[in-house]
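Scroll down for the structure; my scribbles are underneath it.
Every chain is numbered from 1 and lettered A, B, ... according to where its sequence line falls, protein lines coming before strand lines.
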Amino acid sequence: MSTALRPAAQTPPAAAATDAESTRGLVEITKVRKFFGAAEVLKGITLTVEPGGVAVIVGPSGSGKSTLLRTINHLEKVDAGFIAIDGTLVGYEVRGRRLHELREKEILKQRTEIGMVFQNFNLFPHLTALENVTEAPIVAPRAGKPRLSKAEARERGLELLDRVGLKDRAGAYPRQLSGGQQQRVAIARALALDPKILLFDEPTSALDPELVNEVLDVIRELAKSGTTLIIVTHEMGFARDVADTVVFMDQGQIIEQGTPREIFTNPREERTRSFFSKVIEPAFNI
Amino acid sequence: MSSTATPVAQSAPEPASAGIESAPETAPAGAVPGGETAPAGTGSAGRKAATDYADYRLVPARHPWRWVGTAVVAVGVAGIAWSLATNPRWEWGVVAQWFTAQSIVNGLLETLKLTAISGALGFILGFILALMRLSASPLLVSVSWTFSWIFRSTPLLVQMLLWYNLGYLYEKISLGLPFTDVRFFEAQTTTLISQFAAAVLGLTLNQAAYSAEIIRGGILSVDQGQLEAATALGIPAWRRSTRIVLPQAMRAILPTAFNEVIGLVKGTSIVYVLAYSELFYTVQVIYNRTQQVLPLLLVATLWYVVITSVLSVFQYYIERHYSKGAVRTLPLTPLQKARKFLAIHTPATRETSQERGTR
Ligand SMILES: Nc1ncnc2c1ncn2[C@@H]1O[C@H](COP(=O)(O)OP(=O)(O)O)[C@@H](O)[C@H]1O
Ligand SMILES: [Mg+2]
């Protein structure tokens, strides 16, 4: 894993640029540990998601899935290990033999390459759907890209709302939208910065069952678009459809990972099997 | 209501068409009570078809007790108004004579000036103190905490007198390098701290201590997820505070903040201890001379009422502005309500005349 990082750091700028194009959205998580007080919530996580890949993380509640996602965009600082995107460290820079935390401004730039969609949407309730989508492109400092003017952001915002099927609701405030619509606006908002990577933390868990599919359909479309997706979900059918890699986490560790077929039909580990027997079968046996 | 109606309609697929046909027959003979009692009376829900009420007119619920309550309150208010108007001891003539007198108006302007300046400075300083208190720096947190602690635990009166008598404690105020003789600026304290300066200092610092807590409370009331989402989008820190958090915090801040400002309007009267001629001090000076105590207190009171009323109107519209998106539909403004009321209750309207006919 660390060998994979070195070439990107050492190649001359020109070569690095083309390299970045071809490896747009490679996520490498290496030996990441995270403590909350004395509790070790992530116990040395190592995981690679290929550019354009779709990784679905499943596991019992409290196993550290959200915490792992939040370390990827440095909302949560790691206590050990590191995370790199296309060979660039997230939140740190190398100086000598040390990793120094970047300044806020630099971290914000990195975050614009990583979109995040939350379980409870977190739309800005005092801004309209369109304003929610256009806010970041207008004000966020972006790496190598200019900020958009209001008119450009508006045009792009309407385009994105159209893509999630909500162009006609552009002027509505979040509270005037259904849960499913709110989450679709949140996805459009995350897409507005044209991120390399999208993180989804249980995007459908707060939704009424009949609204789940409208959101999953949008994510399915994104999965084909070449953006790297990392999704935490309890929708096992969806995971089977959309994932290249399914990762099963328990108690801060990755218990096993593989293709959906490997994990769902032939789990090697007892813990995986017992988790699926709790999650999947009751739903089918009703 | 609807729960009794729906099962009837659903469980009777065949007679449904018959029900629609029978609707015109039953309608003239008081169909609403008939329709309501039918399912309960017959007991078997499967048989009786739902009458088609589609072209019935909807009558909103009436609130007769509201009208009774309104009448009682109106009588009470009329009684008080009558006594105010007819009791000669209120001396309304004297009130009218002084109400717009030059000295009173000057005092009023001083009151407004003090309120505006110390209100504005107080809230700006309060905002900074609130941000300090919420910051990650232990130093800033404790400075902010100590500021609030000191100014909230000292009586305003004492603060005023201390500021005014600063010259007694420190003869000169100077700006220079500490522990050396280098001075960039030096002045006599008494020339620097006038009555006005003492009043503004006292009111501002006191106001800042209280508004800091109000603003902090407002900021804390905003969901943590909002900041997280903004951070994840790469929105810079200052913009996160001003565009995302503060507008939402305003909803919690405004009612209390207006309370404070209205309190401050009357609170400025405390500067009479500095013999500062704002409204209340002016009134006192006048009634000490003329002995018309009650009427002159009324003059001051009426002006305070006027200021408070104007502020309340501002409050209404500002709160309404910040409730954008927080409620599904904004409540109507009084003007809009009046227009709607007129539109509904104009006798010429077709609906109203029809309704009268049926009742
Ligand atoms: N900010 C925090 N402070 C302390 N403990 C936390 C915090 N966030 C999460 N935890 C704990 O870390 C563990 C993992 O949480 P989380 O990542 O949210 O799990 P999951 O998303 O898999 O349900 C849980 O035991 C949780 O209680
Ligand atoms: Mg979680």
Return the option, out of A:Val117, A:Val139, A:Ile114, A:Leu193, with the maximum number of heavy-atom pairs under 4.5 Å with chain B.
-> A:Val139
Might you confirm whether atom CZ of A:Arg154 has over 12 heavy atoms from other residues, nucleotides or ligands at distances under 6.0 Å?
-> no
With a 4.5 angstrom heavy-atom cut-off, which part of A:Arg142 approaches chain B: side chain, backbone, both or neither?
-> neither
Whatever's closer than 4.5 Å to a heavy atom in chain B on A:Leu199 counts as neither
Interface residue of largest heavy-atom contact number with chain B, from A:Leu123, A:Thr128, A:Asn120, A:Ile138, under 4.5 Å | A:Leu123
Does A:Lys77 NZ have over 12 foreign heavy atoms under 6.0 Å away?
-> no
Residues in residues 136-145 of chain B near chain A [non-hydrogen atoms, under 4.5 Å] | none
Interface residues of residues 315-326 of chain B facing chain A - heavy atom cut-off under 4.5 Å = B:Lys324, B:Gly325, B:Ala326
Sort out for me which of A:Gln110, A:Gln176, A:Lys109 touches chain B most, counting heavy-atom pairs under 4.5 Å.
-> A:Gln176
Considering residues at least two apart in sequence or located in another chain, which fulfil the ring-ring contact (aromatic ring centres under 6.0 Å, His included) criterion with B:Phe314?
-> none
Is it the side chain or the backbone of A:Ile107 that comes within 4.5 Å of chain B heavy atoms, both, or neither?
-> neither
Heaviest contributor of heavy-atom pairs below 4.5 Å to chain B, chosen from A:Ala140, A:Ala190, A:Ala172, is A:Ala140
Please flag which part of A:Phe118 lies under 4.5 Å from any non-hydrogen atom of chain B: side chain, backbone, both or neither.
-> side chain
Atom group of A:Pro174 that falls short of 4.5 Å from chain B, counting heavy atoms | neither
Toward chain A: residues of residues 226-254 of chain B with heavy atoms under 4.5 Å = B:Gln226, B:Glu228, B:Ala229, B:Ala230, B:Thr231, B:Ala232, B:Leu233, B:Gly234, B:Ile235, B:Pro236, B:Ala237, B:Arg239, B:Arg240, B:Arg243, B:Ile244, B:Pro247, B:Gln248
Heavy-atom count around A:Phe36 CZ within 6.0 Å, excluding the residue itself: above 12?
-> yes
